[in-house]
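Down below is the structure, laid out as C-alpha cells.
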Amino acid sequence: MGKGGMSHGDGEGDDGVEDNMAAWLLAVKTLRIQPYNLPPLGPHDVKVRMKAVGICGSDVHHFKNMRCANFVVKKPMVIGHECAGIIEVGSEVKSLAVGDRVALEPGVSCQRCDLCRDGRYNLCREMKFFGSPPTNGSLANQVVHPSSLCFKLPDNVSLEEGAMCEPLSVGVHACRRANIGPETKVLIMGAGPIGLVTMLAAHAFGAPRIVIVDIDERRLSFAKDLGADEIIQASTNVQDVDKEVVQIHKAMGAGVDVSFDCVGFNKTMSTALNATRPGGRVCLVGLGQSEMTIPLTPAAAREVDVIGIFRYRNTWPLCIEFLRTGKIDVKPLITHRFKFTQEEIEKAFETSAGGGNAIKVMFNL
C-alpha cells in the first residue's frame with residue numbers, strides 16, 4: 001500500500017486509459033489532483049476503487065502545517081485515510097470477491113516485531129499508514145491494499161458509513177482500553193469529531209450517563225442532539241477548572257468513573273484528572289499538545305489511572321456490527337459533502353480546517 005509514486009502525465013496513459021488520479025499535498029495549503037501510479041498488486045492484495053473518503057483532523061494538520069506531531073511531510077504525498085470503496089481486482093484472495101463493498105483499515109504493520117506478535121500491532125514501529133508521511137494515502141480513484149485489512153460491508157451499511165469506521169474505531173478502542181460498561185459514568189472533554197464518536201461508542205458499550213464538555217456552544221448543541229445526557233460550556237481559562245469540576249459533578253449526579261480527554265490540552269486534561277473519582281480512569285485520546293503541565297500528583301494520590309491510546313486495533317468488525325444493528329448511527333456526523341475535483345478538494349479542506357459547523361467532511365468519488 002501507499003508505495004506508488006507521482007507521474008507527470010496529463011491524466012491519460014499512453015494506451016489511452018485514464019490515469020489513476022489522487023490528491024497530492026505539495027506544500028502548505030497546496031493540494032493538487034495529479035496522476036498516481038499504484039504499487040504492484042501482490043497475491044494477497046486487492047485493488048479498491050475509492051467511493052467515500054473523509055477528512056480527519058490529522059489530514060487538516062498536514063494540510064495547514066505539513067506535519068502532524070512528529071510526522072513531517074518532506075515530499076509530495078497523497079493525503080487521506082478514512083475510506084471505503086469497491087473491490088475492482090483480486091488475485092489469489094479468497095475472503096473477498098470482485099464487486100464487494102469494503103471499509104479499509106488504513107495501517108499496515110510489519111507483523112513480525114514483538115508488539116505485532118503480542119497483538120498490539122497499532123504500536124508497530126514500522127507501521128505504514130495511509131496519508132501519514134512518508135506513506136501515500138487514499139484520496140484517490142484507486143488504491144492497492146492488503147485484503148486482510150479490507151472488511152466487507154453489510155447491505156444496510158453505506159460506503160460513507162464504511163469510511164466512518166476509521167474515526168469510530170478511535171472511540172471503540174478508547175472504550176475498550178477504559179473498560180466502559182453498563183455501570184460506567186463517563187465524562188468526555190471535547191465535542192469535536194473524536195469526542196462525538198467516543199460518546200457514540202460509550203453509549204454502545206452501555207455507559208448509562210455521559211456528560212460532554214466543550215468551549216463551543218454549537219458543538220455542544222450537536223452533542224446533545226446526538227445523545228449526550230448533559231452538556232457543559234467551558235472556558236479556555238485554566239483558572240476556571242475547579243469551578244467547572246463542580247459543574248461536572250452536579251451534571252453527572254455522581255462520581256465520574258472514566259474521563260476521556262479528546263482534546264489534549266493543559267486545561268482539558270487538568271479538568272479530567274480533577275473530575276474523576278478516586279480509583280477512576282482518565283483516557284487521553286486527543287494529542288493537542290506534545291507536553292502538558294497537569295496536576296498528576298493529586299490524581300496519583302487518589303489512584304486515578306491514566307491511560308493512553310494510539311489509533312486502534314481489531315476494531316473494524318465491531319464497528320461494522322454496531323452500524324449494521326443500529327446501535328451506532330454515524331450518519332448525522334457527516335455534515336458536508338464534496339466531489340473529487342480540484343475546486344472541490346480545496347473547498348473541502350478549507351471547510352474542515354475552518355471548523356464552524358463542520359463535523360465530518362466527506363468526499364464522494
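Pairing each heavy atom of Ala140 with each of Tyr36, the nearest pair is CB-CD2, 4.1 Å.
In this structure, Arg49 pairs ionically with Glu88, as a charged nitrogen and a carboxylate oxygen lie closer than 4.0 Å. A salt bridge is defined here as a Lys NZ or Arg NE, NH1 or NH2 lying under 4.0 Å from an Asp or Glu carboxylate O, and Glu350 with Lys64 fails to meet this definition. The existence of a salt bridge linking Glu230 and Arg209 is confirmed by a sub-4.0 Å separation between a basic side-chain nitrogen and an acidic carboxylate oxygen.
Asp59 has its side chain out of reach of Leu25: every pair of non-hydrogen atoms, C-beta onward, lies at least 4.5 Å apart. With contacts defined as side-chain heavy-atom distances shorter than 4.5 Å, the pair Arg125/Cys116 does not qualify. Using a 4.5 Å cut-off on side-chain heavy atoms (C-beta onward), Val78 and Val143 make no contact. Here the side chains of Ser259 and Met189 are not in contact, with every heavy-atom distance at 4.5 Å or above.
Crowding of Lys250 atom NZ: a count of heavy atoms from other residues, nucleotides or ligands under 6.0 Å not exceeding 12. When the shell of 6.0 Å around CG of Asp225 is examined, it contains more than 12 heavy atoms from other residues, nucleotides or ligands. When the shell of 6.0 Å around CD of Gln342 is examined, it contains more than 12 heavy atoms from other residues, nucleotides or ligands. Sparse packing is recorded around CD1 of Ile215, with 12 or fewer heavy atoms of other residues, nucleotides or ligands lying under 6.0 Å away. Atom NE2 of His336 is surrounded by more than 12 heavy atoms from other residues, nucleotides or ligands within 6.0 Å.
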Inset, instruction - Please step through side-chain contact (heavy atoms from CB on, under 4.5 Å) for the pair Gln34 and Leu26, ending with a clear verdict. - result: CA-CA 11 Å; Gln34 296 180 348; Leu26 305 179; 4.0 Å; yes

Inset, instruction - Before giving the answer on side-chain contact (heavy atoms from CB on, under 4.5 Å), spell out for Lys185 and Val256 the whole-Å C-alpha distance, their side-chain angles and the decisive distance to 0.1 Å. - result: CA-CA 6 Å; Lys185 292 173 285 294; Val256 174; over 6 Å; no

Inset, instruction - I would like to know whether Asp118 and Arg120 meet salt bridge (charged side-chain N to carboxylate O under 4.0 Å, His left out); could you show each step before the answer? - result: CA-CA 6 Å; Asp118 194 39; Arg120 306 187 75 175; 5.4 Å; no

Inset, instruction - Report the C-alpha separation of Leu139 and Phe340 in whole Å, then their side-chain angles, then the decisive distance to 0.1 Å, and conclude whether the side-chain contact (heavy atoms from CB on, under 4.5 Å) test is met. - result: CA-CA 9 Å; Leu139 186 47; Phe340 186 56; 3.9 Å; yes

Legend entry - Test log, rule side-chain contact (heavy atoms from CB on, under 4.5 Å), inputs Ser235 and Glu244: CA-CA 9 Å; Ser235 75; Glu244 289 166 5; 3.4 Å; yes

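No donor-acceptor pair closer than 3.5 Å links the side chain of Arg302 to the backbone N or O of Gly280. Within the 3.5 Å criterion, the main-chain N or O of Ala348 finds no donor-acceptor partner in the side chain of Ser352. With hydrogens and angles disregarded, a donor-acceptor distance shorter than 3.5 Å links the side chain of His145 to the backbone of Glu105. No donor-acceptor pair under 3.5 Å is formed between the side chain of Asn122 and the backbone N or O of Arg311. Asp261 contributes a side-chain N or O that, together with a main-chain N or O of Val263, makes up a donor-acceptor pair within less than 3.5 Å. At distances below 3.5 Å, not a single donor-acceptor pair connects side-chain atoms of Gln142 with backbone N or O atoms of Val48.
Counted by atom type alone, Thr184 and Asp257 present zero donor-acceptor pairs between their side chains at under 3.5 Å. In this model, a donor atom of one side chain and an acceptor atom of the other lie less than 3.5 Å apart for Glu166 and Tyr312. Under 3.5 Å, the side chains of Glu160 and Asn364 contain a donor-acceptor pair of N or O atoms.
By the criterion of side-chain heavy atoms lying less than 4.5 angstrom apart, applied directly or through intervening Ile, Leu, Val, Met, Phe, Trp or Tyr residues, Ile248 is not grouped with Ile210; the two fall into different hydrophobic clusters.
The aromatic rings of Phe151 and Trp316 sit parallel to each other, their planes meeting at less than 30°, with 60° as the upper class boundary.
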